[in-house]
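Step one of this worksheet: look at the structure below.
A note on names: the letters A, B, ... follow the listed sequences, proteins ahead of strands, and every chain is numbered from 1.
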Amino acid sequence: MTSHIPMVIPKPEPVTDSSPQTPIPPSSFFNFNTTTTQSPLEPNLYTEFTNVAETFRSAFAQRLKRHEDVTVLDSLTGAIVPVPEEQDPDPDPVSYPSQSLKPRKPQERSSELVRITDVGPEGERQFREVVRKTRMIYDSLRIFLILEETREVLGRRRGRPDSKAASMMKERFLWLNRDKRIVGSIPGVQVGDIFFFRLELCVMGLHGQTQAGIDYLIGSRSSNGEPIATSVIVSGGYEDDDDQGDVIIYTGHGGQDKLGRQAEHQKLEGGNLAMERSMYYGIEVRVVRGFKYENAVSSKVYVYDGLFRIVDSWFDVGKSGFGVFKFRLERIGGQVEMGTSVLKFAKTLKTNPLSVRPSGYISFDISNRKENAPVYLFNDVDDDQEPLYYEYLATTSFPRGILGGSNGDNASGCECVSGCSSGCICERKNGGEFAYDYNGNLIRMRPLVHECGPGCKCPPTCRNRVTQKGLRSRLEVFRSVETGWGVRCLDILHAGAFICEYVGVALTREQANILTMNGDTLVYPARFCSDRWKDWGDLSQVFPDYERPSYRQIPPVDYAMDVSKLRNVACYISHSNDSNVIVQMVLHDHNNLMFPRVMLFAAENIPPMTELSLDYGVSDDEWSPKLAICN
DNA sequence: GAGAATTCATAGAA
DNA sequence: CTTCTATGAATTCT
């Protein structure tokens with residue numbers, strides 16, 4: 001825990017018996033609390049998060065020049081430092097903040113300005129998990145609402161599932177960081193994280209404005225009466241912006257007409273003033289960049305690029321001849337590479353890889369065109385070229401005989417000539433709910449997905465045909481010092497997106513036993529561990545009476561895959577108990593429940609160049625690249 | 001405290 | 001494909 005955290009604590013409830021001009025008595029200004037507060041645990045995410053947050057919270061406050069008697073600033077760090085003799089005489093500090101800082105309305109945004117630092121690896125892991133779960137709920141709920149709406153009002157104008165999902169979560173207190181205004185990084189949100197909706201940023205507490213580019217604590221609610229900016233979104237909406245990566249010339253807001261054209265001078269008020277004040281106090285702002293991205297669920301993508309400092313501000317004449325405020329933002333050092341840079345890099349890798357990585361490529365397609373998209377092989381670590389020595393197999397081959405027999409069930413398919421819709425036989429096979437949404441993303445995990453197959457009359461565009469169409473994104477096998485061979489994606493993988501099949505030569509148990517004795521390397525699909533993701537897509541926190549669908553039980557998957565000679569890209573995915581890839585069994589070209597195909601999906605939004613990882617069902621310590629497949 | 005105003009959204013139609 | 005428009009929600013302003 002650092003002892004030197006700049007922080008502003010809000011003005012408490014206005015003193016009723018004084019006129020608006022009268023300063024509030026000094027004693028009520030200060031609230032200092034470094035003790036851990038424990039409020040009764042409730043079984044929801046929000047409470048859990050708050051409790052963790054409180055553990056690491058410390059507070060300092062001061063009054064600034066509006067109240068002439070005290071002004072304490074640390075000139076080196078810009079920190080607002082405590083004024084010890086004005087310590088809050090609150091006799092019951094344990095009740096803080098639930099009583100002394102209780103918002104006027106339960107849903108009102110907090111005015112408590114805090115910075116959370118040094119939560120430690122364990123704290124960060126916990127925060128990350130909460131953020132993950134919350135994002136999962138948001139996305140699942142959003143997709144749920146889309147599907148529900150499509151079912152109810154077919155063809156009618158669609159609402160705003162992104163905003164409705166956010167509202168529903170807000171009503172259920174599932175928004176994160178509502179009890180405080182965080183300056184600096186949001187625990188659990190990492191540089192490079194990708195979001196698809198502005199409201200998703202609101203839910204995370206990363207940026208509280210649905211449209212405005214500058215988020216700030218308003219002056220009337222801050223301790224010194226001055227507004228403080230906390231985050232900005234850079235998405236090119238102002239013609240006078242100049243974005244050079246680590247340095248941004250950010251235009252203040254205001255002065256635009258309805259068409260977004262600069263039509264009058266901007267004023268130093270609202271967010272503009274907050275930016276200026278943040279600069280004055282040396283308080284950093286979070287920067288989120290928004291830009292168009294083809295193939296994204298929303299056509300737009302928001303990337304968290306980390307913390308910037310406002311180093312300069314001035315009033316300038318903009319391109320349209322009107323006065324605009326400009327702020328020079330410089331990225332604070334020591335942070336990981338910006339997500340935006342990584343995105344740009346990955347994009348170039350897809351079109352012109354040698355221009356940015358002249359050496360290290362071993363192959364530009366280890367699949368030899370057996371996949372829809374080329375699979376790169378890259379190694380700038382050592383001379384190993386192992387993946388070249390295996391023949392590439394694009395889909396698992398099953399033993400002859402086990403699939404052949406076509407009983408009545410096998411032969412039958414749906415008759416949906418224009419694509420499957422609700423009520424069709426294939427939907428019923430899937431427990432009354434298709435496994436995928438209209439973008440081909442997995443909605444919820446289940447024991448087995450029945451895709452439409454050769455016996456179905458529906459076209460290839462049917463929503464129930466996803467994994468059978470193969471790779472949709474660009475994958476790269478790469479050499480890493482830590483994990484040996486690994487796999488990463490050059491595209492953004494939306495949560496639930498199909499990645500690839502885990503491929504091998506399938507063997508019956510008897511065949512496998514013989515091979516194991518020979519020392520060959522086998523993969524057992526049944527061992528893939530999905531416990532961590534078993535409630536993936538679960539909405540019981542939103543709908544209290546939500547019933548987990550009961551899927552038909554399937555016989556245990558009891559085959560092994562030989563990957564000693566034939567394999568595909570999936571074989572190089574590393575193991576992690578903290579995996580970002582989930583395993584879903586799928587049938588599409590045959591109906592033998594004992595031999596489903598092993599399909600891999602993104603468990604969360606995965607930014608480009610992030611290593612993919614699977615839980616092979618062993619602990620992290622036990623794992624080695626060899627063991628993963630020997631086991 | 002209620003309603004108006006502001007806002008670098010969003011989706012779908014034109 | 002881009003541009004336009006209707007609808008919208010949280011927050012701040014009055």
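Residues from residues 247-254 of chain A with heavy atoms under 4.0 angstrom of DNA chain B, sorted by number: A/Y250, A/T251, A/H253, A/G254.
Between A/D538 and A/K133 no salt bridge is recorded (no basic side-chain N to carboxylate O distance below 4.0 Å). Between A/R181 and A/E112, none of the side-chain N atoms (NZ, or NE/NH1/NH2) sits under 4.0 Å from a carboxylate O, so this pair counts as no salt bridge. A salt bridge links A/E226 with A/R277; the closest basic N to acidic carboxylate O contact falls under 4.0 Å. Salt-bridge formation is detected for the pair A/D491/A/K350: a Lys NZ or Arg NE/NH1/NH2 atom is positioned less than 4.0 Å from an Asp or Glu carboxylate oxygen. Between A/R198 and A/E200, none of the side-chain N atoms (NZ, or NE/NH1/NH2) sits under 4.0 Å from a carboxylate O, so this pair counts as no salt bridge. Of the charged side-chain nitrogens involved, at least one lies within less than 4.0 Å of a carboxylate oxygen, so that A/D305 and A/R289 count as a salt-bridged pair.
In this model, no donor atom of one side chain and acceptor atom of the other lie less than 3.5 Å apart for A/H494 and A/N439. Side-chain contact of A/D179 with A/S110: a donor-acceptor pair under 3.5 Å is absent, judged by distance alone. A/D246 and A/Q244 share no side-chain donor-acceptor pair at under 3.5 Å.
Checking A/T210 against A/K292, the closest nucleotide of DNA chain C that is more toward the 5' end is the one next to A/K292. Mapped onto DNA chain B by nearest heavy atom, A/S235 and A/V297 fall at different nucleotides, with A/S235 at the one closer to the 5' end.
Rounded to whole Å, the distance from CD1 on A/I214 to P on B/dT6 is 16 Å. What separates CD of A/Q256 from P of B/dA5 is a distance of 19 Å, to the nearest Å. Rounded to whole Å, atom P of C/dT11 lies 11 Å from atom NE2 of A/H207. The CG-P distance, from A/L206 to C/dT11, rounds to 14 Å in whole Å. The CD-P distance, from A/E264 to B/dA5, rounds to 14 Å in whole Å. Between the P atom of B/dC8 and the CZ atom of A/F325 lies a distance of 16 Å, rounded to the nearest Å. Between A/K164 atom NZ and C/dA10 atom P there is a gap of 13 Å when expressed in whole angstrom units. In this structure, A/F197 atom CZ and B/dT7 atom C1' are separated by 19 Å, rounded to whole Å.
Close to B/dT10, at under 4.0 Å from its OP1 or OP2, lies no side-chain N or O of A/S299. Residue A/Y302 has no polar side-chain atom (N or O) positioned under 4.0 Å from OP1 or OP2 of B/dC8. Put simply, A/R160 has no side-chain N or O that comes within less than 4.0 Å of OP1 or OP2 on C/dT7.
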- prompt: So what is the 5' to 3' dot-bracket string for DNA chain C, if pairs are Watson-Crick or G-U wobble with both distances under 3.5 Å, crossing pairs use [ ] and | means the partner sits on another strand?
  reply: .||||||.||||||

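Using a 4.0 Å heavy-atom cutoff across all strands shown, A/G290 reaches no nucleic acid atom at all. Among the atoms of the strands shown, only primed sugar atoms or phosphate atoms (P, OP1, OP2) are found under 4.0 Å from some heavy atom of A/S163.
For the side chain to side chain donor-acceptor pair (under 3.5 Å) test, no residue two or more places apart in sequence or in another chain qualifies with A/D437. Not counting sequence neighbours, A/D240 has no partner by the salt bridge (charged side-chain N to carboxylate O under 4.0 Å, His left out) test. Listed by chain and number, the residues in a ring-ring contact (aromatic ring centres under 6.0 Å, His included) with A/F315 are A/F325 (sequence neighbours excluded).
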Any N/O pairs under 3.5 Å between the protein and nucleotides 12-14 of chain C? List them or say none.
residue, atom, partner, partner atom, Å
C/dT12, OP1, A/R181, NH2, 3.1
C/dT12, OP1, A/Y216, O, 3.2
C/dT12, O3', A/Y216, OH, 3.2
C/dC13, OP1, A/Y216, OH, 3.2

